[in-house]
Structure formats: structure tokens, C-alpha cells
Amino acid sequence: MAYINGIGIISPQNTLPGSGFLVTPVEHKGEFLKCIEPVYKSYIDPIASRRMSRLIKMGISAAKICLLDAGLEMPDAIITGTGLGSVEDTEKILGELTREERFLNPTPFIQSTYNTISSQIAINLRCHQYNSTYVHRCFSLESCLTDALLQIADCTAGNVLTGGIDEMTLNHLTIIRRLGLWKPGPIRNLDLWTSGMPGALAGEGAAYFIISSERTLKTYAQLTAVETLYKPGSTSDAAAAAAHFLSGNGLSPGDVDLVLMGNDGLAEHDMVCNEIIAAAFPQASRLLYKHLCGEYHTVSGFAMFLAANIIQKQQIPHALIPLSEPPGKLDHILIHNHFRNTDHSFILISR
């Protein structure tokens, strides 16, 4: 058990400080949902930022926003999850290799490694504590949260800065689109659930959280537990795993007031997701959110931002799409995420 005491998020929506809690959904129409980026000089020295990729600048800024939100100067540990790392820098290296044979610029190569984000945050903060990066595809953020909970349970850290970050580029989108993973063309994000187009809507984002052992005046909610499930044999197996996850934390399916659904807009996946949640939590209210942020490997971070704010404010923003009647109370929110019905995860956020 731990507490969410600070949040810093950069997303395709107005989630920067001072923007309110999803007052009006931002409409995008294009190949993928691109983040609304902050003024980086507010968080990073302009001279240093010239040598940083967009992903690193987003990571450092989200981490600093999170620390400011928590009123914390220095974390006891930094843990970052990323499914793809710096795609933009990797593309630069490969592009230079294919175009001409010459001495390559070392900066994109150095910044293309997965642990660059977490280490750059540490360098910027001058934090010499525990630092780790998890690259577990769609379980990357969940692995970070599990590590953070272990650090707190072992009393090796009191305040853990942990988060997930992934970016999208047009080149990467074009290549992976051949597999049928992404929408075949531009789409208005608010039409995701009615477009009928195959594939998921690609997105990106950076979300960091202060996970603490102690509750403070800035606490949003309680991070109760995290669980992952790989390739369930059937929807009943996944539903049983969700029920077992709750019982292991002293709760029953009836205690869950709201489920943030992992639907991605692809009919065959959404049908399975709906069946799992309907079987496991027949009484819980259900909400869709990926039309706001798109699909990416660490999208659970956006869902955690939603759940923590909903719990704290005790209100559900109109930007989310309800699949059932809103709950009468908001004590326990379950985040169910999945990627192509292979990687399922459950995160329990409580009041």
C-alpha cells in the first residue's frame, strides 16, 4: 500500500499545470495523437535542452512538474518505464547509416538507449539514489509501480518518482501500420468509437508520479496494488484473475465502483475487454478514455492520472465516455489495460 502524492503529465490533452481537469477535450485529426508540450525553458536550462531529444525533454519536464506538485525537492528513487525508448534518436542513427558512410553524431546514439530518460532526470536533479528503467513493452509502467511498492514495503525509499513515457513518430507509425496495428489513415480522435476503421489510434505521453509511504495534504489517492496477466486462455480466465487480484487485497468485485476500460477502438479487442469486465465486475460503472490519449505502451500512466484525480475530486469529467450509469460513490477505481488481448494489467486506486 502506498500513496500518490504528486502527478506530472504531458499528454495530447490539456493536462499541464493550471489547465484544470479535462475541462474540454482537445480534438485531434491526424495520423496519431501528439502531445501538447510545455514551455521547456520553464523546467530545463535552454542551453542544455538544445542537445536533448523531444522524449528526454518531455520526461524531465513531467518529472519536475510531478515534484513541484508534490512539494518535494528530491526523491529517494527514480524508476522509469518505456516500451520503445527514444524512437526519434534511433531513427536518426539508422537514417545517417543508410544515407552515407561517415563519422556519426554520437549524441543520438547515446540518447537512444532506454535508460537515458531516467538517468537524465537524475542528472538534472542531482539525485544519486536508486535509479532503474524497465523496458517490458506494455507492462513497462506496471513493472515500475511494482518496484516502487517493493521499495516502500522494504523501507528502502519513502518517496519514489516513477512513471512511464513513450513517443510516436510518423516513420514508426508507417512501419508498424503494415501489421494492422494502427488506423490506416487520419481520424478524428473524438470519433474513435464510431469510425469503424480497423486498428487502434496511436498516441504518446509522459506521466510521472510520486509514490510515497506516508499520506500528506497533497495526496491524491492510494495506490493499493498492481497485477499483470500475459495471454489469458479465455475471457473467463482473465475475469477470474481479476477477481483473484481483488480478493488478494481484501476486496470483492462489488467493492469496485468504477472501471477505466482498456478498449482501443478495434472491435475484436473491445469485445473481449467488455466481456472480461462484464463477467468480473457486473455492478461497476465503466468508462472509456483512449480517445483522449491514444494507444501506446505506457498508456496506463494516463489512466492513473484520471483515476487519481477522479478519486480526489470525486467527479468524473465529461470528456470520458460512459458505458453505464455513473457510480453513486467513488472509493475504488480499477484500471484494466490490455494490448491486443495479450498483455493485461490491473491497477487498483483507492480513496
Side-chain angles (χ1 to χ4, degrees), residues 4 7-13 15 32-37 53-63 65-66 78-90 112-121 131-149 160-169 172-173 176 181-182 200-211 223 226-230 260-264 289-290 292-308 335-340 342-347 349:
I4 301 173
I7 300 176
I9 181 166
I10 298 172
S11 76
Q13 297 298 313
T15 52
F32 64 92
L33 299 191
K34 189 178 177 65
C35 281
I36 298 173
E37 299 173 51
S53 67
R54 186 173 72 101
L55 188 74
I56 293 173
K57 288 189 285 188
M58 285 193 345
I60 293 175
S61 298
I65 292 169
C66 181
I78 300 174
I79 310 173
T80 296
T82 179
L84 296 173
S86 183
V87 178
E88 188 177 87
D89 284 312
T90 303
S112 69
T113 57
Y114 292 98
N115 62 350
T116 300
I117 306 157
S118 205
S119 59
Q120 283 291 331
I121 292 171
N131 193 301
S132 187
T133 298
Y134 287 90
V135 188
H136 292 173
R137 291 297 178 97
C138 295
F139 289 157
S140 297
L141 179 59
E142 287 77 3
S143 298
C144 292
L145 296 172
T146 301
D147 191 353
L149 290 173
V160 181
L161 175 64
T162 184
I165 177 169
D166 277 296
E167 68 177 342
M168 180 58 65
T169 67
H172 180 74
L173 180 81
I176 304 300
L181 180 59
W182 305 125
L201 176 60
E204 61 178 15
Y208 274 87
F209 307 89
I210 292 295
I211 309 298
L223 173 61
V226 182
E227 185 76 32
T228 57
L229 176 66
Y230 181 65
L260 288 175
M261 305 280 287
N263 297 28
D264 58 12
Y289 67 91
K290 286 186 179 177
L292 301 175
C293 60
E295 179 72 280
Y296 53 98
H297 287 93
T298 50
V299 70
S300 298
F302 188 85
M304 276 187 65
F305 153 76
L306 292 176
I335 298 168
H336 170 234
N337 189 41
H338 82 94
F339 185 74
R340 299 185 69 81
T342 57
D343 306 329
H344 291 259
S345 68
F346 303 98
I347 302 173
I349 307 293

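Keep in mind that what you see is a predicted model, and the values were worked out from it rather than measured. All residue numbers refer to positions in the sequence shown, counting from 1.
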(request) Please step through side-chain contact (heavy atoms from CB on, under 4.5 Å) for the pair Ile210 and Val160, ending with a clear verdict. (result) CA-CA 6 Å; Ile210 292 295; Val160 181; over 6 Å; no
(message) Working note: His136 + Ser143, criterion side chain to side chain donor-acceptor pair (under 3.5 Å); need CA distance, chi angles, decisive distance, verdict.
(response) CA-CA 8 Å; His136 292 173; Ser143 298; 2.7 Å; yes
(request) Kindly indicate, with the supporting measurements, whether the criterion salt bridge (charged side-chain N to carboxylate O under 4.0 Å, His left out) is fulfilled by Glu37 and Arg54. (result) CA-CA 9 Å; Glu37 299 173 51; Arg54 186 173 72 101; 3.2 Å; yes
(message) Quick one, Lys290 with Leu201, criterion side-chain contact (heavy atoms from CB on, under 4.5 Å). Give me CA distance, side-chain angles, the key distance, then yes/no.
(response) CA-CA 8 Å; Lys290 286 186 179 177; Leu201 176 60; over 6 Å; no
(request) Take Thr80 and Tyr208 through the side-chain contact (heavy atoms from CB on, under 4.5 Å) test and state the conclusion after the steps. (result) CA-CA 8 Å; Thr80 296; Tyr208 274 87; 2.7 Å; yes
(request) Test Tyr289 against Val299 for side-chain contact (heavy atoms from CB on, under 4.5 Å), laying out the working first. (result) CA-CA 10 Å; Tyr289 67 91; Val299 70; 4.2 Å; yes
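Closest of all the heavy-atom pairs between Glu295 and Trp182 is O-CH2, 3.6 Å. Counting all heavy atoms, side chain and backbone alike, Ser86 lies closest to Ser53 at OG-OG, 3.8 Å. Here the closest non-hydrogen pair linking Ile349 and Ala307 is CG1-CB, 3.9 Å.
For the 3.5 Å distance criterion, the side chains of Glu142 and Ser345 qualify, holding a donor opposite an acceptor.
Taking the six-membered ring where the residue is Trp, Phe302 and Phe305 present tilted rings, their angle falling between 30° and 60°.
With a 4.5 Å cut-off on side-chain heavy atoms, Val226 and Phe139 do not count as touching.
Distance check: Leu84 CG to Thr90 OG1 gives 9.0 Å after rounding to the nearest 0.5 Å.
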